[in-house]
Amino acid sequence: MQDDQRHLHHFTTQVLGLWSGWNEAVSTALLGDWASPLSECAALGPADLEKLRYDIRAVHRHMTPLWRRRTYGGRRVLLLETQCGESLTLRDLLSGKTCPEDPLLDLIPGDRRLARILTTLEPGEREVVLALGLRGVETWSEAAEYVGAVDPRTLGERVRRKVRRLVAEHRRRDTQQSAAPASELWQMGKDGESA
C-alpha cells in the first residue's frame, strides 16, 4: 500500500505538476473512464492526458468544501461559526445587521385578519396602512405623507376610518360564524339530500 501511495504522489507531482494535496482527487479521477482509448490503441495522446487533468480539476472542485472555495470575484465563503476573536463568531457580528430583504419581509402580513383587510383596500390605501408599521411613522397622517400623498391629513384620516370600519365588519362576521349554533349547519341526509 505504501508503494501505491508513493507512485500516486510521484504521478501527481512529477507528471501532472500538482502538489500532493491533490492526491485524493487524482486517485478518484484515475478510476474514471479517461483510459478508455487504451482499449483501442496502446498509447494515450496529449488529448487524453488533458481529459484526465480536466477530470482531476472537476473532482478536486467537488471535494473542496464550500467554505474553502473561492467565488468568481476571488472571495471566500465563510461559515457563520468562523471565529473572529476569543469568544466572538461571524454570526455574532452579523446578527445585529439587517439584510436588504428584511423590509420587504416585514410587509408580508403574518396575521390572516390583517391580510383580509389589506386585500380589501385599494393599492394607495394599502400603502398607507403598511407605512404605518414602519419605524418612525407614528400617525396616519405621517403614513400618508410617507407614501407621497398630496393631502396627507385627509388621506390618513380617510384610510384610518375605512380600516376601523373593515376591522369592525370582520369582527362582526367572525363573531357570527363562531356564535352560530351547530344545528344551523348544513348536514347531509342519508339519501344525499339536505337534512
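Note that the structure is a prediction, hence the values are computed from the model and not measured.
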Enquirer: Give the C-alpha distance, both sets of side-chain angles, the deciding distance and a yes or no for side chain to side chain contact (heavy atoms under 4.5 Å, CB included) between L49 and L16.
Expert: CA-CA 9 Å; L49 194 56; L16 297 173; 4.2 Å; yes
Enquirer: Around atom CD of E145, are there more than 12 heavy atoms from other residues, nucleotides or ligands closer than 6.0 Å?
Expert: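 No, not enclosed.
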Enquirer: So for atom CZ, which belongs to F11, do other residues, nucleotides or ligands contribute more than 12 heavy atoms lying within a distance under 6.0 Å?
Expert: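 Buried by this count: over 12 neighbours within 6.0 Å.
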Enquirer: Show the numbers, then the answer: is there a side chain to side chain contact (heavy atoms under 4.5 Å, CB included) between R160 and R164?
Expert: CA-CA 6 Å; R160 183 188 70 80; R164 287 182 61 124; 3.2 Å; yes
Enquirer: Do the charged groups of D3 and R6 touch, with an N to O distance under 4.0 Å?
Expert: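 Yes, this pair counts.
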Enquirer: Going from OG1 on T120 to CZ on R126, what distance comes out if it is rounded to the nearest 0.5 angstrom?
Expert: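 The OG1 atom of T120 sits 9.0 Å away from the CZ atom of R126.
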Enquirer: Are R161 and E157 within salt-bridge range, i.e. N to O under 4.0 Å?
Expert: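 Salt bridge flag = yes for E157 with R161.
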Enquirer: Output, in order, the C-alpha distance, side-chain angles, deciding distance and verdict of side chain to side chain contact (heavy atoms under 4.5 Å, CB included) for V128 and L121.
Expert: CA-CA 10 Å; V128 173; L121 295 171; over 6 Å; no
Enquirer: Kindly work out whether a path of hydrophobic side-chain contacts (I/L/V/M/F/W/Y, heavy atoms less than 4.5 Å apart) joins L134 to V163.
Expert: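 Same cluster.
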Enquirer: Run the salt-bridge test on E169 and R173 with the 4.0 Å N-O cut-off and return the result as yes or no.
Expert: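 Result for this pair is yes, salt bridge flagged.
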Enquirer: Does any non-hydrogen side-chain atom of W22 lie less than 4.5 Å from one of M63?
Expert: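 No; the side chains remain at least 4.5 Å from each other.
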Enquirer: For residues I56 and T12, determine if any side-chain heavy atom of one lies less than 4.5 Å from a side-chain heavy atom of the other.
Expert: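 No. Closest side-chain heavy atoms not under 4.5 Å.
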Enquirer: Kindly indicate whether the side chain of H170, heavy atoms from C-beta on, has any atom under 4.5 Å from the side chain of V167.
Expert: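 No, their side chains stay 4.5 Å or more apart.
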Enquirer: Would a single hydrophobic cluster contain both L30 and Y54, if residues Ile, Leu, Val, Met, Phe, Trp and Tyr are joined by side-chain heavy-atom contacts under 4.5 Å?
Expert: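 No: no chain of side-chain contacts under 4.5 Å links Y54 to L30.
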